[in-house]
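Below: one structure, written as structure tokens.
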Amino acid sequence: MLTRSLALAAVFAGLAAAGLAQEANFGISMPVTASVGVMDTHRLQLANPGNSPAAFGFRVMLYPTLKLGKHWFGYAAVQARLMPYFYYDAFFPDRDVHTDVIQAYMGYTAQVGRSTVVVKAGQLVSAFGAFPLRYDDLDNPLLDQPLSYVTQLPLRTDQLLCGTNDLLWQHYGSVWASCGGAQGGGGGLTPVTLYGMPGVQAEISVRQFDARLQVTSGSPAYPQGWSEFRQYRQWTAGAGFTIRQGFRVGTSVFTGPYLEPAVAGLLPAGTTVRDFPATGTGLDGQWASGRWSVFGEWQHIRFDMPAFVVPPSISSGYGEVKRALTPRLYVAGRAGWLATGRVTDTAGITATQFAPLLKSYEVASGFWLNRRQLLKLRYSWLQSGDQSGGRNNVYGFELVTRFAAPSVAFHW
């Protein structure tokens, strides 16, 4: 990952040189957000009871940005973090440093009458859903992420399930399907990735209306590289309408293949991975007035599979509320859920759900130490089915600092 990040920087440097030669206005900047956090949770002891229940981590977000004249621009979001940093990291408490390119694209923007048109190409976050663009810790008033963006479902992209009974004994985060594919057990797929996918996106906004169309290599549940674009291309579309300032509603949909080549030879004769797509539908809304703000999403995603008449699916949603008590102090809360749907296999075996209902709750308070530093304190609890107790609960705090962006601007 680090090598890819350095290569990305070299690409941007080359594009900057080209911009100097061709455009009248040029600028480059590097905003940085750095965060350090501490958590206390028994999640850290699930794999090894001898582990300490407390851990710290850090995260640095780099945002290299280029202006290449009136219309052209470049943008990237590169993340480096010491795990466990996010609260879902605590289930797998490796002390590793991970580097990820969340976004890295070139863009073109133009004004066409009363419309603004933007075209992007490169590494893009999914256009499905509303939360993926909130990757900066200052844009998330809490610390955790909604369930559909972090939960590992009891489904694999590189193994096939034999039917309903094979599905029912799987677990969140651990899957070993028995009808072929990759060997051994492993983590399940996450419904919607928070990380980038290679693709192209077109956006348009006209007064109160906005829309986007994205074509990517791979599904939000299974991102791919550029080399797999032909086989794994998929589309995502979204639109929104601003009813009044601060009040917007939106929708998004996607469909495309998600099964890996490891299972291609096991599919029914005459079919390919494109005949068994993942398909998602989502709704989102946000409202802000005075000291109050509200944010929420609902999603339904279906994963077609050969052995099922009614394939596995999930529904998920959350609601988030924030209240500013003073110019420096706020409180916030989020409640969310993820439910698995009814399944029926080709033998007629049916189950009303294939995994326990998940519910998550989070409360937090944020205090601005100054205009660049935010301290967040929070408590989170996760409920799985009828499970009780606090072993999955998390206490934590986070200090976020935004550094002044070093920048250089030229007029050529």
(request) Start with the C-alpha gap between W235 and V253, add the side-chain angles, then the distance that decides, and say whether side chain to side chain contact (heavy atoms under 4.5 Å, CB included) holds. (result) CA-CA 8 Å; W235 64 268; V253 295; 3.6 Å; yes

(request) Could you please spell out the steps behind the ring-ring contact (aromatic ring centres under 6.0 Å, His included) verdict for Y149 and F131? (result) CA-CA 8 Å; Y149 297 99; F131 194 83; 5.6 Å; yes

(request) Evaluate side chain to side chain contact (heavy atoms under 4.5 Å, CB included) for T151 paired with Y172, printing each intermediate quantity in order. (result) CA-CA 7 Å; T151 303; Y172 287 115; 3.8 Å; yes

(message) Go through it in stages, so that I can follow the logic: the residues are Y318 and F295, the test is side chain to side chain contact (heavy atoms under 4.5 Å, CB included), and I'd like the CA-CA distance, side-chain angles, deciding distance and then a yes or no.
(response) CA-CA 8 Å; Y318 68 91; F295 194 93; 3.1 Å; yes

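Side-chain contact check for N140 and R334: at least one donor-acceptor pair (N or O, by modelled atom type) lies under 3.5 Å. Residues Q152 and T190 have side chains that never bring a donor and an acceptor to within less than 3.5 angstrom of each other. For the residue pair H300 / T281, no side-chain donor-acceptor distance below 3.5 Å is found, with atom types taken as modelled. Q79 and R59 share a side-chain donor-acceptor pair at under 3.5 Å. Between T157 and E260, the side chains place a donor N or O and an acceptor N or O closer than 3.5 Å (distance only, hydrogens not considered). There is a side-chain donor-acceptor pair under 3.5 Å between T401 and Q373. Between S205 and E203, the side chains place no donor N or O within less than 3.5 Å of an acceptor N or O (distance only, hydrogens not considered). When only modelled atom types and interatomic distance are considered, Y105 and Q103 share no side-chain donor-acceptor pair under 3.5 Å.
For an aromatic pair to be called close, the ring centres must be under 6.0 Å apart, and Y379 with Y395 satisfies this. In this structure, Y85 has its ring center at least 6.0 angstrom away from the ring center of F58.
Atoms OG and CH2, from S217 and W226 in turn, are 7.5 Å apart once rounded to the nearest 0.5 Å. In this structure, CG in L194 is found 6.0 Å from OH in Y88, a value given to the nearest 0.5 Å. In this structure, CG on N392 lies 6.0 Å from CG on L46, to the nearest 0.5 angstrom. How far CD1 of I204 is from CG of L213: 11.5 Å, rounded to the nearest 0.5 Å. The CZ atom of F397 sits 15.5 Å away from atom CZ of F367, with the distance rounded to the nearest 0.5 Å. Atom-to-atom distance recorded for S29:OG and L66:CG is 8.0 Å, nearest 0.5 angstrom.
Under 4.0 Å is where a charged nitrogen must lie from a carboxylate oxygen, and between R233 and E228 no such pair does. Comment: D137 does not engage K376 in a salt bridge, judged by the lack of any side-chain N to carboxylate O separation of less than 4.0 angstrom. Salt bridge present: D210 and R248 bring a charged side-chain N and a carboxylate O closer than 4.0 Å.
Side-chain atoms of P31 and R402, non-hydrogen and from C-beta on, never get closer than 4.5 Å to each other.
For Y63, the side chain to side chain donor-acceptor pair (under 3.5 Å) partners two or more places apart in sequence, or in a different chain, are D136. The side chain to side chain donor-acceptor pair (under 3.5 Å) test applied to Q45 returns H42, not counting sequence neighbours.
Side-chain N or O atoms of T164 include none that pairs as donor or acceptor with a backbone N or O of T350 at under 3.5 Å.
The neighbour count for Q183 CD, taken as heavy atoms of other residues, nucleotides or ligands under 6.0 Å away, does not exceed 12. Within a 6.0 Å radius of CH2 in W337, more than 12 heavy atoms belonging to other residues, nucleotides or ligands are found.
Cation-pi geometry between K67 and F73 is not satisfied (NZ or CZ under 6.0 Å from the ring centre, within 45° of the ring normal).
By the 30° and 60° cut-offs, the orientation of the rings of F128 relative to F254 is perpendicular.
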